[in-house]
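Letters go in sequence order (proteins before strands), and every chain restarts at 1. Keep in mind that this is a model prediction, so the values were computed, not measured.
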2 protein chains.
Amino acid sequence: MSSSERVTSGLAALAALLADETRARFCLALLDGRAWTAGELARHAGVAPSTASAHIDRLVGGGLLAEERQGRHRYVRLADARVAHLIEDLAAQAAPEHGRPDGPPTLRAASAAGALARGRTCYDHLAGRLGIAVTEAMTARGLLRQDTGFALTDAGLRWFADLGAPLAPSGRRPLARGCLDWTERRPHLAGLAGAALCRHALEAGWCVRIGSARAVKVTPEGERALAELLGLPAATLR
Amino acid sequence: MSSSERVTSGLAALAALLADETRARFCLALLDGRAWTAGELARHAGVAPSTASAHIDRLVGGGLLAEERQGRHRYVRLADARVAHLIEDLAAQAAPEHGRPDGPPTLRAASAAGALARGRTCYDHLAGRLGIAVTEAMTARGLLRQDTGFALTDAGLRWFADLGAPLAPSGRRPLARGCLDWTERRPHLAGLAGAALCRHALEAGWCVRIGSARAVKVTPEGERALAELLGLPAATLR
DNA sequence: GGGACGTTTCGCCGGATGACGAAATCTCCG
DNA sequence: CGGAGATTTCGTCATCCGGCGAAACGTCCC
C-alpha cells in the first residue's frame, strides 16, 4: 500500500509539472533539443523573469530539465531523450483531432514555397512530413520493419554503417523506436538511429534549421542525397 | 502561433487531469484493464462518492476514460491501450529510483510462497518479473528482437499462430511494442502481441488473478506450458 | 570601479480547485 | 408501490498556486 502510495503521488507530482501552461510551453520549446536560458524561456512564454525562474526550479527539481550554469546565464534543456519522448507522447495524445479539411489549405500548401519540406525536429530526430517520408522510405527499402513492431533490420544496420554513422548500442536507449508524430499521425524514426540520422543530416547539409522554432528545410544537396540513398522523389519533400 | 497555442493548452490540460492524487489513483487502479464502478473507485481512493463523480466527469471529458452506464451503475475503464501506455510511461518516469538494497526483503521473497511469481498485468499484458521473464525468453528463442528496436520476428509470428492465437494487424495499435516496466526497469512485451499472450495465459489457466489488485500468479499448468514453449525454468517464476 | 544585464528572493494578491455533506435523482427488486 | 442502493447536483469552505514588481545578488565588460 505504501508502495502504491508512492507511485500515485509520484505520478501526480510529475503530471503537475506539466499541468501549467507556462511550464508546458517551456517544455515544448525545449523539444528542439537545445539549451535555452531562463530569460529566453521567460520571453518566449510571455512571463516575468522571476516567474520563469520559479518554474524552472520546479522542472529541474522534478527531473524533467537538466541545468548548466555558465556565468550569469542559466541554461536548461530536457533531461534526456526519455523525457523528450514522454512530452511528445503527451502532446500527441492531447493534440486536437484535426480532421484536415482538404480545401484551400492543401491547395495552397501544394503550390507554395519551392524546396520547402514541412519538416521539423522532435528533440533530436526528424519529424513532420520529412520525418515520415524518410521513415516510410526506409521501411519500403527493407531497412526498417514496422509490420511486427518497430526495429531496424540487418540491412538497416549496414545502411547506417555505409552512411558513415555506425550505430553502437549504448546505455538504455533503444536503437530504434517509433515516435508518434502528432501532425502526421504516423510514427517516425526515433531512438539512437533517429538521432544519428538527424545529426548526420544536419552535419552533411541535407537540411538546415530555419528560424528559432524547430522547423528545418531540405537543401538541394539533401534532395539529391535522399533520392539516391532512399529513392525519395524530391517532390515528396516539397 | 495559434496552433502552438492549442498544443500547449492541450498538453497542460491533459497533464492537469493526472496532476491530482485522487485522479492519479483512479487511473492507476484502472490499469488492470477492467471496468470499475464510480463507487468502487471512490472507496479505493478514500473519497466521498460525490467527489469521485466529479473526477470521473473530468477524466471522461478529457478522453482518458470511457464510460458505460448500466442501470444505476457507471462503469469506467481506460479509453484505450494508448492511454494505458501513456500512464504506464508516466508512472515509470515518476517511479522513485528504487535502488533495491539486497537485504532481508530479497531473502524473504526468495524463501517465500512456493509457486508465486511476482507478476502483474499492465492494462492488458503481462508485467513484473513474469512479464520480463517471458519477454526475455522470447528474445532468447529468436521470437522477438530487441537489439535493433522492438519487434516480433517471423518465427515469433508463427509461434503465436501455433499457440492458437494468431495475430492480425488491426487498426493503429502496433503488433509489438516495448513497455518499460517500472519495477524491473526493463521493457516487457506490449502491443497486440502482449495483449494476445496475456489473454491466452488467463484463458488457458497459465495464471490467475489474485486479489483485487493487478497481481497474477502462475499455476502449475502455467509453469509446464512456459517451460515447454519458451524453455522457462519454473524456478525463474518463483 | 562601475554600470549593464541576467537571475533570484520575497511578499502579496486573486483565481482556480478539491474536499465535504445534504438533498435530489434514478434504477433495481421485492 | 415503496424501499434500498448507486450516483449526481449544489453550496460552501479552505487551500494551493501562479502571477507580478521591487529589491538584492552575481557576473561580465568597459
Side-chain angles (χ1 to χ4, degrees), chain A residues 5 8-30 34-77 94 212, chain B residues 5 8-30 34-77 94 212:
Chain A
E5 193 67 52
T8 304
S9 15
L11 171 56
L14 175 59
L17 289 178
L18 297 170
D20 175 78
E21 292 233 359
T22 300
R23 286 194 296 267
R25 188 179 298 272
F26 284 4
C27 291
L28 288 174
L30 289 164
R34 290 179 288 188
W36 293 49
T37 67
E40 282 170 344
L41 286 173
R43 256 171 282 123
H44 174 74
V47 295
S50 57
T51 305
S53 177
H55 283 308
I56 294 174
D57 283 346
R58 294 191 54 178
L59 290 168
V60 170
L64 291 185
L65 264 45
E67 72 180 338
E68 204 169 327
R69 304 182 103 106
Q70 276 180 28
R72 57 184 162 183
H73 294 284
R74 181 191 201 181
Y75 286 100
V76 289
R77 53 188 162 73
S212 67
Chain B
E5 194 67 54
T8 303
S9 16
L11 171 56
L14 174 59
L17 290 178
L18 297 169
D20 175 78
E21 291 232 0
T22 301
R23 286 193 297 267
R25 189 180 296 272
F26 285 5
C27 291
L28 288 174
L30 289 164
R34 290 180 288 189
W36 293 50
T37 67
E40 282 169 343
L41 286 174
R43 256 172 283 124
H44 174 74
V47 295
S50 57
T51 305
S53 177
H55 283 307
I56 294 174
D57 283 346
R58 291 192 56 178
L59 289 168
V60 170
L64 291 185
L65 265 47
E67 73 180 338
E68 203 168 327
R69 305 183 102 106
Q70 276 180 28
R72 54 183 163 181
H73 294 283
R74 182 191 199 179
Y75 286 99
V76 288
R77 53 188 161 74
S212 67

DNA chain D contacts made by residues 48-70 of chain B, counting heavy atoms under 4.0 Å: P49(B), S50(B), S53(B), R69(B)
Pair E5(A) + R25(B), salt bridge at N-O below 4.0 Å: yes
Under 4.0 Å from any atom of DNA chain D, heavy atoms only: list the residues of residues 9-20 of chain A that qualify, in numerical order. D20(A)
At 4.0 Å (heavy atoms only), tell me whether R43(A) reaches a base, stays on the sugar-phosphate, or touches nothing. nothing
Nearest heavy-atom pair of L17(A) and G62(A): which atoms, and what distance? CD1-CA, 3.7 Å
Under the side-chain contact (heavy atoms from CB on, under 4.5 Å) test against W36(A), which residue among R74(A), R77(A), H44(A) passes? H44(A)
R23(B) side chain to A52(B) main-chain N or O, any donor-acceptor pair under 3.5 Å? no
So, taking the atom named OH in Y75(A) and the one named CD in E40(A), what distance separates them when rounded to the nearest 0.5 Å? 7.0 Å
Hey, could you give me the CG/NE2 distance between L65(B) and H55(B), rounded to the nearest 0.5 Å? 12.5 Å
Working to the nearest 0.5 angstrom, can you tell me the gap between Q70(A) CD and H73(A) NE2? 8.5 Å
Name the first nucleotide and the last nucleotide along DNA chain D (5' to 3') that come under 4.0 Å of a heavy atom in chain B. dA4(D) to dT9(D)
From CG (L30(A)) to CD1 (I56(A)), nearest 0.5 Å: 8.5 Å
Looking at E67(A) and R69(A), is any side-chain nitrogen of the basic one under 4.0 Å from a carboxylate oxygen of the acidic one? yes
Only one of L18(B), L41(B), L64(B) passes side-chain contact (heavy atoms from CB on, under 4.5 Å) with F26(B); say which it is. L41(B)
Under 3.5 Å, is there an N or O donor on one side and an acceptor on the other linking the side chain of R72(B) and the base of dC26(C)? no
